[in-house]
Amino acid sequence: EKLRNSMNEIGELSISLEYLKTLSLPFERIYIVENLQTGLAFNDLPGSMVIMGLGYSVDLLQEVQLLQDKSIYYWGDIDTDGFAILNRLRNYFSQTKSLLMDEKTLLEHKNLW
């Protein structure tokens with residue numbers, strides 16, 4: 001209950017998968033990012049949670065009930081691994097949408113290839 005009442009005060013929090021499975025928190029949006037650095041760069045987003053740095057371990061999230069009825073956004077690298085991880089995530093949570101993982105974004109950054 002204390003955690004629930006202090007949601008606006010939570011910054012970075014590291015919890016076990018088993019504990020995450022037991023939580024029921026009032027988040028509306030879940031952002032899942034491939035890399036830890038990307039997650040650490042997020043600004044505070046009211047009503048949102050960021051899960052970061054799992055890479056291919058997104059499979060671990062399939063049993064997390066908290067994610068079942070939330071809006072989920074995935075932001076990974078625009079490479080075969082990033083798209084494979086997105087595909088895995090969509091197998092568990094079909095509502096998942098990708099961020100900045102499209103042809104337009106890729107072509108706008110052609111100088112970085």
Side-chain angles (χ1 to χ4, degrees):
E1 189 62 34
K2 185 176 182 180
L3 178 63
R4 205 179 290 282
N5 292 333
S6 63
M7 289 302 296
N8 292 333
E9 300 173 19
I10 294 178
E12 293 174 37
L13 181 64
S14 179
I15 60 175
S16 71
L17 177 63
E18 293 308 313
Y19 186 61
L20 181 61
K21 288 179 185 179
T22 69
L23 293 179
S24 175
L25 298 171
F27 295 117
E28 300 165 18
R29 290 167 305 282
I30 309 295
Y31 295 91
I32 301 173
V33 296
E34 183 178 350
N35 303 303
L36 179 63
Q37 297 83 354
T38 305
L40 294 173
F42 262 74
N43 290 327
D44 290 339
L45 300 169
S48 300
M49 177 171 83
V50 179
I51 299 173
M52 57 187 138
L54 292 178
Y56 277 103
S57 295
V58 296
D59 296 334
L60 298 172
L61 299 175
Q62 65 183 312
E63 297 176 20
V64 178
Q65 291 300 311
L66 169 70
L67 304 178
Q68 292 301 324
D69 61 347
K70 306 296 185 204
S71 295
I72 298 177
Y73 301 91
Y74 178 73
W75 185 8
D77 296 338
I78 303 180
D79 60 14
T80 54
D81 291 318
F83 285 109
I85 295 166
L86 174 62
N87 185 56
R88 285 181 178 200
L89 196 55
R90 284 182 172 158
N91 283 329
Y92 310 122
F93 308 106
S94 60
Q95 75 273 28
T96 302
K97 297 178 183 171
S98 63
L99 297 173
L100 299 172
M101 296 179 69
D102 53 50
E103 185 178 5
K104 180 180 182 271
T105 302
L106 179 66
L107 294 176
E108 285 176 355
H109 296 88
K110 191 172 183 174
N111 63 318
L112 299 174
W113 295 1

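Residues: numbered from 1 along the sequence shown. Being a predicted model, the structure only gives us computed values, none of them experimental.
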Asks: Kindly give the heavy-atom pair with the smallest separation between Val50 and Gly39, and that separation in Å.
Replies: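 For Val50 versus Gly39, the nearest heavy atoms are CG1-CA, 4.1 Å.
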Asks: In Å, rounded to the nearest 0.5 Å, how long is the span from CE of Met49 to CG of Leu25?
Replies: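 Answer for the CE-CG pair, Met49 versus Leu25, is 7.5 Å.
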Asks: Is there a path of hydrophobic side-chain contacts, each under 4.5 Å between heavy atoms, that joins Leu36 and Leu100?
Replies: yes
Asks: Is it possible for you to say whether Met52 and Tyr56 belong to one hydrophobic cluster, with membership spreading through side-chain heavy-atom contacts below 4.5 Å?
Replies: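 In one cluster with Met52: Tyr56, no.
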Asks: List the atom of Arg29, the atom of Pro46, and the distance in Å for their closest heavy-atom pair.
Replies: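 So the minimum-distance heavy-atom pair works out to NH2-O, 2.5 Å.
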Asks: Tell me whether the rings of Tyr73 and Tyr31 are parallel (<30°), tilted (30 to 60°) or perpendicular (>60°).
Replies: parallel
Asks: Is there a side-chain contact between Leu106 and Lys110 in this structure, where contact means two heavy atoms from C-beta onward sitting under 4.5 Å apart?
Replies: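 With C-beta onward as the side chain, the pair stays apart.
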Asks: Before accepting this row, confirm whether a basic side-chain N of the pair Glu63/Lys21 lies closer than 4.0 Å to the acidic partner's carboxylate O.
Replies: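 Looking at Glu63 and Lys21, the cut-off is met.
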Asks: Could you check if a side-chain atom of Glu34 sits within less than 4.5 angstrom of a side-chain atom of Ile85, using non-hydrogen atoms only?
Replies: yes
Asks: When you measure from the side chain of Asn35 to the backbone of Gln37, do you find a donor-acceptor pair of N or O atoms at a distance under 3.5 Å?
Replies: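 Side chain of Asn35 to backbone of Gln37: no pair is present.
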Asks: Grouping I, L, V, M, F, W and Y whenever their side-chain heavy atoms are under 4.5 Å apart, do Leu67 and Leu13 come out in a common cluster?
Replies: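 The answer is yes; both residues are in one hydrophobic cluster.
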Asks: Just wondering, do Ile15 and Leu23 contact through their side chains at under 4.5 Å, heavy atoms?
Replies: yes
Asks: Can you check whether Ile72 reaches Lys97 side chain to side chain, under 4.5 Å on heavy atoms?
Replies: no
Asks: Would you check if Phe83 and Thr80 make a side-chain contact, meaning some heavy-atom pair closer than 4.5 Å?
Replies: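 Not in contact.
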Asks: Quick check against the 3.5 Å criterion: does Asp79 have a side-chain atom that pairs as donor or acceptor with the backbone of Gly82?
Replies: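 Indeed, once roles are kept as given, a pair shorter than 3.5 Å links the two residues.
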Asks: Between CG of Leu17 and CG of Leu54, what distance do you get to the nearest 0.5 Å?
Replies: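 Nearest 0.5 Å value for the CG-CG distance: 9.0 Å.
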Asks: So, for Phe42 and Leu45, which heavy atoms are closest and what is the spacing to 0.1 Å?
Replies: CD2-CD1, 3.6 Å
Asks: Same hydrophobic cluster for Met101 and Tyr92, using side-chain heavy-atom links shorter than 4.5 Å among ILVMFWY?
Replies: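 The answer is yes; both residues are in one hydrophobic cluster.
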Asks: Answer whether the closest heavy-atom distance between the side chains of Phe93 and Tyr74 falls below 4.5 Å.
Replies: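 They are not in side-chain contact.
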Asks: Indicate if Ile32 and Leu66 have the same hydrophobic cluster label, given that clusters are the connected sets of ILVMFWY residues with side-chain heavy-atom separations under 4.5 angstrom.
Replies: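 Looking at the clustering, Leu66 is in the same group as Ile32.
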Asks: So how far is it from Ile30 CD1 to Gln68 CD, rounded to the nearest 0.5 Å?
Replies: 11.5 Å
Asks: Roughly how far, to the nearest 0.5 Å, is the CG atom of Asn87 from the CZ atom of Arg90?
Replies: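 Arg90 atom CZ to Asn87 atom CG measures 8.0 Å (nearest 0.5 Å).
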Asks: First locate atom NZ of Lys70, then atom CD of Gln95, and finally report the distance between them rounded to the nearest 0.5 Å.
Replies: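 Here the rounded value is 10.5 Å.
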Asks: Measure the spacing between OG of Ser57 and CD1 of Ile51 and express it to the nearest 0.5 Å.
Replies: 12.5 Å
